[in-house]
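Okay, handing you the structure first.
All values derive from a computational prediction rather than experimental measurement. Chain letters run A, B, ... following the sequence lines, proteins first and then strands; every chain starts at 1.
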Amino acid sequence: MLDPKYIRANTDIVRQGIKNKRMDDAVLDEFLGADDLWRNAITEVDALKALRNTVSEQISQMKRSGEDATAEITRMREVSNRIKEMDAEVRLLEERFQRALLMIPNMPHESVPACQDESGNVIIRQWGEPRAFDFTPLPHWEIATRLGLIDFERGTKIGGSGFILFTGLGAKLQRALFNWMIDLHTETQGYTEVLPPTLANRDCMIGTGQLPKFEFDMYRMPDDDLFLIPTAEVPITNVYREDILDGAELPIYLTGHSKCFRREAGAAGKDTRGLLRVHEFDKVEMVKFATPESSYDELEKLTQNGEEVLQQLGIPYRVKLLCTGDMSFSSAKTYDLEAWASGVEQWLEVSSCSNFEFYQARRANIRFRRENGGKPEFVHTLNGSGVALPRTFVAILENYQQADGSVIIPEVLRPYMGGIEVIEAK
RNA sequence: GGAGAGAUGGCUGAGCGGACGAAAGCGACCGCCUGCUAAGCGGUUGUGGGGACUUAAAUCCUCACCCCGGGUUCGAAUCCCGGUCUCUCCGCCA
């Protein structure tokens with residue numbers, strides 16, 4: 001969330017930022033109203049509490065010296081009752097204030113192009129060229145089915161549409177991908193591996209920004225008030241929720257693999273064929289905790305760490321700087337990595353690398369001390385996929401398919417595939 | 001799932017209705033002293049909200065916080081109720 005003091009002092013900037021993100025600025029007015037009411041109420045009740053504290057102190061002294069304090073006690077009984085009433089009121093107002101505050105999106109960084117739609121996105125660079133084919137490349141669902149890598153029909157028996165049953169070498173290729181990616185991040189890019197839980201509680205979801213706004217985009221377990229994570233960003237960022245880190249330890253780099261769950265309500269029918277949009281998928285995530293002054297350098301490095309995955313796989317990709325209108329709720333700046341897939345002839349988003357500045361850190365209360373005795377400050381958090389598996393799987397099948405129906409395994413994955421170099425057509 | 005024990009500041013640990021934002025020790029910081037990495041002496045040392053003042057910082061006033069949420073009371077770290085987590089035992093289980 002934003003700093004309430006900042007919002008009060010820079011209402012116009014915040015309003016413009018919300019509009020640039022293509023969101024409704026009514027949330028700001030709600031905040032300002034709630035803020036006003038809450039602050040008035042708290043000032044009033046604090047004064048009553050101050051009175052109660054001083055008189056209670058007097059009562060204590062009177063009792064010790066044997067004086068009669070009945071009158072004061074009677075008087076304070078009334079004051080206390082009034083405080084009780086007002087506290088209930090203040091609590092409601094504070095909840096409203098908090099809810100409003102949590103509904104205000106992060107502000108875009110100044111380097112982000114202001115634009116209301118995706119036409120403002122900027123292709124920063126491209127790596128590799130889409131392969132030229134001397135035959136008509138097939139879409140991945142055909143390749144996967146022919147080679148026995150995915151059983152789409154039986155997958156839907158289990159979870160319904162959008163749930164994938166990988167089989168045989170398809171399943172093995174999934175394992176190869178995330179194992180190799182994590183090894184790349186940990187062995188050459190300086191990340192520490194974590195394997196987090198797949199369910200997370202409400203506090204975590206508020207911390208990273210999924211709640212309160214996106215409750216119904218997630219799978220929920222109402223009996224336990226837990227949520228299936230939409231990304232490992234959630235548990236990994238929340239590793240340090242409510243912590244004060246030692247500034248000397250920053251930046252901290254964590255990486256981990258998880259299942260990701262997305263309801264994708266309302267998305268049916270749009271680009272959903274095959275693996276392009278599924279309810280459950282695997283992803284390797286990179287998360288960073290950095291000082292404010294270094295976070296934008298760290299974002300560049302993080303993005304490059306994601307790019308290296310695609311480079312080593314030999315998949316052409318481009319890096320897209322998202323404009324304000326295309327950015328997510330919590331992000332200040334985002335680069336998308338888009339992998340080329342020859343069969344569907346699309347650039348597929350396989351990674352989103354973002355700097356959240358202290359938006360998440362404030363929500364999750366993740367701080368650091370520069371030195372002993374220094375004031376705690378909020379860290380900047382960043383994350384990016386490194387990378388999402390299904391669409392990478394798509395890009396591999398479609399880009400590496402051969403005229404005879406076989407698919408070549410990218411070299412870096414072969415050690416993870418038991419040495420298999422080609423998935424042969426049956 | 002059942003029974004019991006516990007949760008206090010950066011850490012160890014006391015307090016079990018009023019003088020407690022919290023003893024003591026450790027650590028850290030500042031100063032002094034000592035002719036040399038040590039010791040000694042004095043001082044400082046939590047976080048967050050609201051407000052005043054200020055360009056800002058500093059400062060000041062005030063409230064809250066001894067796991068979380070309620071309650072009792074003029075007054076709660078302390079008493080009561082509910083929850084979470086940790087440990088021990090039993091049960092169940094991949």
Could you check which nucleotide pairs with rC11(B) in any of the strands shown, counting Watson-Crick or G-U wobble with both distances under 3.5 Å?
rG25(B)
Taking the six-membered ring for Trp, are the ring centroids of Phe368(A) and Phe289(A) within less than 6.0 Å of each other?
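No, ring centres 6.0 Å or more apart.
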Please work out if Arg75(A) contacts a base, only the sugar-phosphate, or nothing of the nucleic acid, heavy-atom cut-off 4.0 Å.
nothing
Report yes if a side-chain nitrogen or oxygen of Arg8(A) is closer than 4.0 Å to either non-bridging phosphate oxygen (OP1 or OP2) of rG50(B); otherwise report no.
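The answer is yes; a side-chain N or O of Arg8(A) sits under 4.0 Å from OP1 or OP2.
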Measure the distance from CD on Glu242(A) to C1' on rC65(B) and round it to the nearest whole Å.
13 Å
Whole-Å distance, Asp87(A) CG to rC65(B) C1', equals 14 Å
Regarding Arg96(A) and Glu30(A), does a basic nitrogen lie under 4.0 Å from an acidic carboxylate oxygen?
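Looking at Arg96(A) and Glu30(A), the cut-off is met.
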Can you tell me, in whole Å, how much space there is between the C1' of rC32(B) and that of rG25(B)?
23 Å
Kindly say whether Leu276(A) contributes a backbone atom to a donor-acceptor pair with the side chain of Arg391(A) at under 3.5 angstrom?
yes
With both distances under 3.5 angstrom, what nucleotide forms a Watson-Crick or G-U wobble pair with rC20(B)?
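Pairing partner, where one exists within any strand: none, as none qualifies.
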Phosphate OP1/OP2 of rU47(B): any Lys375(A) side-chain N/O under 4.0 Å
yes
To the nearest angstrom, the CG-P distance between Leu101(A) and rG49(B) comes to 11 Å
Taking only the P atom of each, what is the distance from rG83(B) to rU88(B) in whole angstrom?
22 Å
Comparing Thr74(A) and Ile244(A) on RNA chain B - which has the more 5′ nearest nucleotide:
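Here Ile244(A) is the residue nearer the 5' end.
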Round to a whole Å and report the spacing from CG of Asp224(A) to P of rC85(B).
11 Å
Arg362(A) near the nucleic acid: base, sugar-phosphate alone, or nothing, with a heavy-atom cut-off under 4.0 Å?
nothing
Atom CD of Glu44(A) and atom P of rG49(B): how far apart are they, to the nearest Å?
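Checked: the CD to P distance equals 22 Å.
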Which base sits across from rU55(B) as a Watson-Crick or G-U pair, both distances under 3.5 Å?
none
Does a side-chain N or O from Arg52(A) land closer than 4.0 Å to OP1 or OP2 of rG75(B), or not?
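Answer yes for this pair, as a side-chain N or O of Arg52(A) is under 4.0 Å from OP1 or OP2.
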Using atom C1' of each nucleotide, how far apart are rA28(B) and rG9(B) to the nearest Å?
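Pairwise C1' distance, rA28(B) against rG9(B), rounds to 14 Å.
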Among pairs that include at least one residue of residues 9-52 of chain A, which meet ring-ring contact (aromatic ring centres under 6.0 Å, His included), considering only residues two or more places apart or in two chains?
Phe31(A)-Phe97(A), Trp38(A)-Phe97(A)
If you pin Met76(A) and Val45(A) to their nearest nucleotides in RNA chain B, which one's is more 5'?
Val45(A)
Of the nucleotides rC74(B), rU47(B), rG49(B), which has the atom closest to the Arg369(A) side chain?
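Looking only at heavy atoms from C-beta outward on Arg369(A), the closest nucleotide is rU47(B).
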Tell me whether the OP1 or OP2 atom of rG75(B) has a side-chain N or O from Ser80(A) closer than 4.0 Å.
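Looking at the OP1 and OP2 atoms of rG75(B), one of them is under 4.0 Å from a side-chain N or O of Ser80(A).
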Side chain of Ile73(A): nearest nucleotide among rG50(B), rC74(B), rU47(B)?
rC74(B)
Considering Watson-Crick and G-U wobble pairs with both distances under 3.5 Å, what does rA76(B) pair with?
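Because no pair has both required distances under 3.5 Å, rA76(B) counts as unpaired.
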State the pairing partner of rG91(B); accept Watson-Crick or G-U wobble contacts with both distances under 3.5 Å, and report none otherwise.
none
Span that lies between the P atom of rC68(B) and that of rA76(B), in whole angstrom:
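Result for the P pair: 16 Å, nearest Å.
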For the P atoms, the ones on rA64(B) and on rA19(B), what distance do you get once it is rounded to whole angstrom?
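That atom pair is separated by 14 Å.
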rG51(B) C1' sits how many Å from Asn40(A) CG, rounded?
12 Å
Tell me which nucleotide, if any, is Watson-Crick or G-U wobble paired with rG40(B) when both distances must be under 3.5 Å.
rC32(B)
Pick the C1' atom in rG71(B) and in rG2(B), then give their distance to the nearest Å.
27 Å
Starting from the C-alpha separation in whole Å, work towards a yes-or-no answer on side chain to side chain contact (heavy atoms under 4.5 Å, CB included) for Thr381(A) and Tyr240(A).
CA-CA 11 Å; Thr381(A) 63; Tyr240(A) 294 120; over 6 Å; no
With P as the reference atom in both, quote the distance from rG21(B) to rU78(B) in angstrom, rounded to an integer.
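Going atom to atom, P in each nucleotide, I get 14 Å.
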Only pairs with both distances under 3.5 Å count, Watson-Crick or wobble alike; so what is the partner of rC85(B) in this structure?
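Across any shown strand, rC85(B) pairs with rG6(B).
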Separation of the C1' atoms in rC67(B) and rC61(B), to the nearest angstrom:
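My reading of the C1' atoms in rC67(B) and rC61(B) gives 30 Å.
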rA64(B) pairs with which nucleotide, Watson-Crick or G-U wobble, both distances below 3.5 Å?
rU47(B)
Ignoring hydrogens and angles, does a donor from either the side chain of Asp46(A) or the base of rG49(B) sit under 3.5 Å from an acceptor on the other?
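Yes.
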Given Glu285(A), Glu308(A), Met286(A), His257(A), the one that forms side chain to side chain contact (heavy atoms under 4.5 Å, CB included) with His185(A)
Met286(A)
To the nearest Å, how far apart are Lys5(A) NZ and rG49(B) C1'?
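Interatomic distance, NZ of Lys5(A) to C1' of rG49(B): 8 Å.
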Check whether any side-chain N or O of Asn53(A) sits under 4.0 Å from OP1 or OP2 of rC63(B), and answer yes or no.
yes
Given rU72(B), is OP1 or OP2 found less than 4.0 Å from the side-chain N or O atoms of Lys84(A)?
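So the side-chain polar atoms of Lys84(A) do come within 4.0 Å of the phosphate oxygens OP1 or OP2 of rU72(B), strictly under.
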May I have the distance from Arg77(A) (atom CZ) to rU73(B) (atom P), rounded to whole angstrom?
8 Å
Tell me whether Lys301(A) is salt-bridged to Glu298(A), with the criterion being a basic N under 4.0 Å from an acidic carboxylate O.
yes
If every non-hydrogen atom of Gln116(A) is compared with every non-hydrogen atom of Lys19(A), which pair is closest and at what distance?
NE2-O, 2.8 Å
May I ask you to evaluate whether Arg91(A) reaches the phosphate of rG69(B), defined as a side-chain N or O under 4.0 Å from OP1 or OP2?
no
